[in-house]
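Have a look at the structure below before the remarks.
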Amino acid sequence: MFGEIFAIFAFATCGGYSGALKVSVDCVNKSESNLNIEIGFSYPFRLHQVYFDAPTCEGKKQERLFLIGDYSSSAEFFVTIAVFAFLYSLAATVVYIFFQNKYRENNRGPLIDFIVTVVFSFMWLVGSSAWAKGLSDVKVATDPDEVLLLMSACKQQGNKCSPVRDPAMSGLNTSVVFGFLNFILWAGNIWFVFKETGWHTSSQRHAQSTMEKQPAQTGFNQPYNQRASDQESYGQTAGYNQQGYGQQPGYGQQASYGQIGGYSQGGYSQNAPTSFTNQM
């Protein structure tokens with residue numbers, strides 16, 4: 001809503017402007033003087049086409065003079081941006097209200113809206129800056145003191161040339177202000193439009209997946225450390241059992257008892273010949 005209002009004020013204050021300045025030329029011969037020379041100009045500020053008649057203070061002869069400068073390019077560019085921004089804002093408002101489902105379908109609507117918003121933000125900055133420079137040049141070209149320098153009568157001694165009224169520039173100053181306000185409005189709207197796109201959704205999913213992976217890695221390290229500590233305790237336990245098993249030589253020595261009794265193969269093979277010789 002604010003986009004349409006600011007755009008209307010921007011192109012209305014610039015495109016609908018018309019102003020005038022007034023100077024006077026008082027010749028030595030009062031009958032040749034002209035104390036009410038009014039010079040009017042308007043949008044699109046092709047000042048080199050604006051002319052007026054001024055006395056030469058040499059009889060009844062007058063000269064036709066033209067203002068200096070053509071500032072139509074910056075003014076027309078500014079107004080064009082304002083008009084298209086108004087039309088797009090109006091169309092976007094209608095789509096948001098009545099075609100919300102189609103707007104979000106396949107994420108195409110938010111992407112187009114985001115790109116157009118970025119473009120209009122840049123164009124508002126360029127157009128407002130260019131028109132601000134053009135307006136300063138218009139003020140110089142329409143300054144009554146500068147206009148008096150164009151008259152040949154004002155270069156002659158004895159003649160008195162003076163400004164009577166300056167052109168009112170408040171409307172044009174307002175147009176520049178609304179131009180930069182439109183830039184701020186559109187630039188600030190970029191973030192809100194970006195949140196509607198799939199790019200913002202994908203970035204949020206990536207951030208969530210990253211946050212989910214960090215606790216998983218921490219949980220993996222803790223069991224790994226526990227397994228390392230378990231291995232150390234197991235090694236100590238194994239060493240203890242080995243020492244305990246080695247301290248039971250008595251059970252292994254009982255095998256020699258089997259040798260004496262002839263249970264083992266070694267004992268049986270040694271005792272058998274001895275017993276057979278004794279029997280003989």
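Since the structure is predicted, the reported quantities are computational estimates derived from the model, not experimental observations.
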Kindly determine whether S136 and V140 satisfy side chain to side chain contact (heavy atoms under 4.5 Å, CB included), including the steps that lead there. CA-CA 6 Å; S136 65; V140 173; 5.8 Å; no
Looking at side-chain heavy atoms only, is the closest gap between D166 and L21 below 4.5 Å? no
Heavy-atom pair of closest approach, residues L125 and S129: O-OG, 2.8 Å
To the nearest 0.5 Å, atom CG of N29 lies from atom OG of S33 at 7.0 Å
Answer yes or no: is there a side-chain heavy-atom contact under 4.5 Å between E32 and K61? no
Do the side chains of L47 and D70 get nearer than 4.5 Å, heavy atoms only? no
Could you go through L67 and V147, starting from their C-alpha distance and side-chain angles, then the distance that decides it, and tell me whether this counts as side chain to side chain contact (heavy atoms under 4.5 Å, CB included)? CA-CA 7 Å; L67 298 180; V147 174; 3.9 Å; yes
Check this for me: I68, atom CD1, are more than 12 non-hydrogen atoms of other residues, nucleotides or ligands nearer than 6.0 Å? no
Any chain of hydrophobic side-chain contacts (each under 4.5 Å) joining V164 to I39? no
For the side-chain hydrogen bond (donor to acceptor under 3.5 Å, both in side chains) test, which of D113, T93, T117 pairs with Y88? D113
In terms of heavy-atom contacts, does CZ of F99 have more than 12 from other residues, nucleotides or ligands at under 6.0 Å? no
Flag side-chain contact, heavy atom, 4.5 Å: V138 against M169: yes
Can you measure from NZ (K195) to CD1 (I190) and round to the nearest 0.5 angstrom? 14.5 Å
Which heavy atom of L150 sits nearest a heavy atom of F66, and at what distance? CD1-O, 3.6 Å
Walk me through it: do M151 and F52 pass the test side chain to side chain contact (heavy atoms under 4.5 Å, CB included)? CA-CA 11 Å; M151 303 178 183; F52 60 96; 3.5 Å; yes
Counting neighbours of CZ on F77 that are heavy atoms of other residues, nucleotides or ligands and sit closer than 6.0 Å, is the number greater than 12? yes
Are M123 and I112 co-members of a hydrophobic cluster defined by side-chain heavy atoms under 4.5 Å apart? yes
Ring center gap for F114 and F194 short of 6.0 angstrom: yes
Hey, what do you get for SG (C161) to CG (L148), rounding to the nearest 0.5 Å? 5.5 Å
Quick check on the hydrophobic clustering: are V28 and I37 connected, directly or via other members, by side-chain heavy-atom contacts under 4.5 Å? no
Side-chain touch S18/F41, heavy atoms, less than 4.5 angstrom: no
Between E146 and K139, does a salt bridge (Lys or Arg N to Asp or Glu O under 4.0 Å) hold up when you go through it step by step? CA-CA 10 Å; E146 294 293 330; K139 290 179 179 179; over 6 Å; no
Is there a side-chain contact between V176 and N173 in this structure, where contact means two heavy atoms from C-beta onward sitting under 4.5 Å apart? no
Work out which heavy atom in S74 is nearest to a heavy atom in A130; give both atom names and the distance. CB-O, 3.6 Å
On a heavy-atom basis, the closest approach of S31 and K60 is O-NZ, 3.4 Å
ring-ring contact (aromatic ring centres under 6.0 Å, His included) with W186: of F120, F122, F192, W191, only one passes, and it is F120
Point-to-point distance, once rounded to the nearest 0.5 Å, from CZ of R64 to CG of D53: 4.5 Å
Nearest heavy-atom pair of P163 and D145: which atoms, and what distance? CG-OD1, 3.5 Å
Measure up the F86 and F11 rings against each other and bin them: parallel (under 30°), tilted (30 to 60°), perpendicular (over 60°). perpendicular
Contact summary for A7 and A82, nearest pair of heavy atoms: CB-O, 3.6 Å
Any side-chain heavy-atom pair from C57 and V25 closer than 4.5 angstrom? yes
First locate atom CG of L181, then atom OG1 of T174, and finally report the distance between them rounded to the nearest 0.5 Å. 10.5 Å
For residues W124 and F178, establish whether the separation of their ring centroids is below 6.0 Å. no
Could you check whether atom CZ of F180 has more than 12 heavy atoms from other residues, nucleotides or ligands sitting under 6.0 Å from it? yes
For a side chain to side chain contact (heavy atoms under 4.5 Å, CB included) check, start with the C-alpha distance between S128 and F78, then their side-chain angles and the critical distance, and finish with the verdict. CA-CA 7 Å; S128 300; F78 179 80; 3.8 Å; yes
Quick one: does F45's side chain get under 4.5 Å of L172's, heavy atoms only? yes
Between CG on residue L35 and NZ on residue K22, distance to nearest 0.5 Å: 11.0 Å
Take E63 and S152 through the side-chain hydrogen bond (donor to acceptor under 3.5 Å, both in side chains) test and state the conclusion after the steps. CA-CA 9 Å; E63 60 180 350; S152 60; 3.0 Å; yes
Does the pair S24 and S162 meet the rule for a side-chain hydrogen bond (donor to acceptor under 3.5 Å, both in side chains), with working shown? CA-CA 6 Å; S24 66; S162 60; 2.9 Å; yes
OH/Y51: more than 12 non-hydrogen atoms of other groups inside 6.0 Å: no
